[in-house]
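The block underneath contains the structure these notes are about, expressed in structure tokens.
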Amino acid sequence: MKIKRVVLASRPGNDREPVEENFRLEELTLSEELTEGQVLARTLFLSVDPYLRCRMNEDTGTDYIGPWKISEVLDSGGIGVVEESRTSQFTAGDFITSFNWPWQTKCILNGDSLQKLDPSLVDGHISNYLGAVGLTGLTALIGIKEKGHVIPGANQTMVVSGAAGACGSLAGQIGRILGCSNIVGICGTEQKCKLLVSDLGFDSAVNYKEYGLDEKLRACCPNGVDVYFDNVGGEISDKVIHQMNQNSHIILCGQISQYNKDVSYPPPLHAETAAILKQRNITRERFLVLTYADQHNSAIVQLSQWIKTGKLKVKETTVHGLENTAGAFLSMMAGGNIGKQIVQVSE
Ligand code: NDP
């Protein structure tokens, strides 16, 4: 059977923006012979995520995720449908997912590496398992619960950077559900700012690409910032941290503004920012959603209920075709997405 796949053609270098030429689309023949325990699956959806940027480097700088190899097929979170099965775990027609789904139109996978998905939990919106009821939603919910110290009724102000993205668009809404009274988003376009306020219930939103982030933030946060959901790091975070209150909390979710730089994770803070953290007793602990596997199932049920009851709105940006997967990744890294960036590989 002829299939298509995407491989890593070259590395961008630790301190450069990735480009299309780093990826290559190939056609090859896939043997259809399954051995015991395997399934043949057709890829439906792929997830493109900021953490994949470190997999383009020779050394990812982390111990929980390895680098992609040159000329080998790439992988990320994905969803497919079983076409043939030689394991009792799955039958043809089952929806299945893996954190390491190959960027391939069809693939042979070991049943042990897969989880079966329940379409009823997402009202048939299977791609939500890569976003709002997948790792992204889990990151927003568990991140806020574990590191946000949200106290219902305490009139807390939450600021979210990367607010119109996959994690950020959910984090602001979840902050509200869990009890924050003032939700402020920071993102990169006017269109995104408008959507956060008019559609997702943020109280206000600021475009960081325009002049005056400090003043605009101060106007949106007259009582200072109590909880900061940080997706971006760098200068934006320095400005938010300057406005944080005594004993406030940072959810250190990600630092995307630094991912094309040759720095360790989390990147070192400016001395002045580090001093503020100390003086004001601001917590900023590293957060990694994969560490909280014991909470994943219950959090998925919670997220699904909020979505079904309309409390949590889900945004996705979808591109079609495996050949556009690399482009979708590059676009997401440059802010081309609203909500979760998804690649639909087949119907
Ligand atoms: P998003 O959907 O938020 O996409 C990335 C967004 O980042 C873009 O849309 C863009 O929006 C913004 N961005 C890109 N470059 C910059 C920059 N230089 N400065 C400010 N904003 C920038 O991605 P995710 O929701 O998947 O991930 C968000 C963050 O969460 C990432 O840092 C990621 O690493 C982290 N993460 C952490 C996890 C954990 O366990 N801790 C798990 C999952 C994700 P804009 O138009 O606003 O610039």
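Both counts, for ligands and for their atoms, begin at 1 and track the order of listing. All residue numbers refer to positions in the sequence shown, counting from 1. Since this is a predicted model, take the numbers as computed values, not measurements.
- Atoms of ligand 1 lying under 4.0 Å from at least one heavy atom of G188, given by number and element, are 45 (P), 46 (O), 47 (O).
- Only the side chain of T139 comes within contact range of ligand 1, with a heavy atom under 4.0 Å; no backbone atom does.
- For atom 8 (C) of ligand 1, the closest non-hydrogen atom of the protein is M332 O, 3.3 Å.
- For R53 and N260, the side-chain atoms include at least one donor-acceptor pair closer than 3.5 Å.
- Taking every non-hydrogen atom of Y259 and a distance limit under 4.0 Å, the qualifying atoms of ligand 1 come out as 32 (O), 33 (C), 34 (O).
- Donor-acceptor pairing under 3.5 Å is lacking for the side chains of N337 and T317.
- Contacts with ligand 1 closer than 4.0 Å are made by side-chain heavy atoms of P50 only, the backbone lying farther away.
- When every heavy atom of T136 is checked against every heavy atom of C167, the shortest pair comes out as CG2-N, 3.3 Å.
- Defined by atom type and a distance below 3.5 Å, a donor-acceptor pair is missing between the side-chain atoms of S85 and T87.
- Between H249 and H149, the ring planes are parallel. Angles under 30° get that label, and only those over 60° would be called perpendicular.
- Donor-acceptor pairing under 3.5 Å is recorded for the side chains of T273 and D238.
- Counting protein heavy atoms only, atom 48 (O) of ligand 1 is closest to Y208 OH, 2.5 Å.
- Of all the atoms in ligand 1, the ones that sit under 4.0 Å from a non-hydrogen atom of A166 are 1 (P), 2 (O), 3 (O), 25 (O).
- Close contacts between ligand 1 and V289 involve ligand atoms 39 (C), 40 (O) [criterion: under 4.0 Å to a heavy atom].
- When each atom of ligand 1 is checked for a heavy atom of G165 under 4.0 Å away, the hits are 1 (P), 2 (O), 3 (O).
- Numbered from 1 in the order shown, with element, the atoms of ligand 1 that lie under 4.0 Å from a heavy atom of G339 read 2 (O).
- Contact annotation: for I186 versus ligand 1, there are no heavy atoms closer than 4.0 Å.
- Proximity annotation for atom 45 (P) of ligand 1: of M333, K192, K209, R286, K192 comes nearest, heavy atoms only.
- Annotation: atom 32 (O) of ligand 1 to nearest protein heavy atom, N231 O, 2.9 Å.
- Side-chain N/O atoms of R42 and S346 include a donor and acceptor closer than 3.5 Å.
- Considering backbone and side-chain N/O atoms, T189 never comes within less than 3.5 Å of an N/O atom of ligand 1.
- Contact analysis leaves G143 out of contact with ligand 1, as no non-hydrogen atom separation drops below 4.0 angstrom.
- Between Y292 and F287, the ring planes lie parallel to each other; the angle is under 30°, not in the 30° to 60° tilted range.
- In this model, a donor atom of one side chain and an acceptor atom of the other lie less than 3.5 Å apart for S127 and E316.
- Within the 4.0 Å heavy-atom cutoff, Q255 counts among the residues contacting ligand 1.
- A donor-acceptor pair shorter than 3.5 Å cannot be found between the side chains of S76 and W101.
- Atom-to-atom distance recorded for T189:OG1 and I338:CD1 is 6.0 Å, nearest 0.5 angstrom.
- For the residues G254, C253, S47, the heavy atom positioned nearest atom 37 (C) of ligand 1 is part of C253.
- Judged by the shortest distance from any of its heavy atoms, L288 lies inside the 4.0 Å radius around the atoms of ligand 1.
- Proximity of V232 to ligand 1, defined as any heavy-atom pair under 4.0 Å, is confined to the side chain (atoms from C-beta onward).
- Side-chain N/O atoms of K340 and T318 include no donor and acceptor closer than 3.5 Å.
- The I256 neighbourhood of ligand 1 comprises atoms 5 (C), 7 (O), 13 (N), 14 (C), 16 (C), 22 (C), 32 (O), with distances under 4.0 Å to a heavy atom of that residue.
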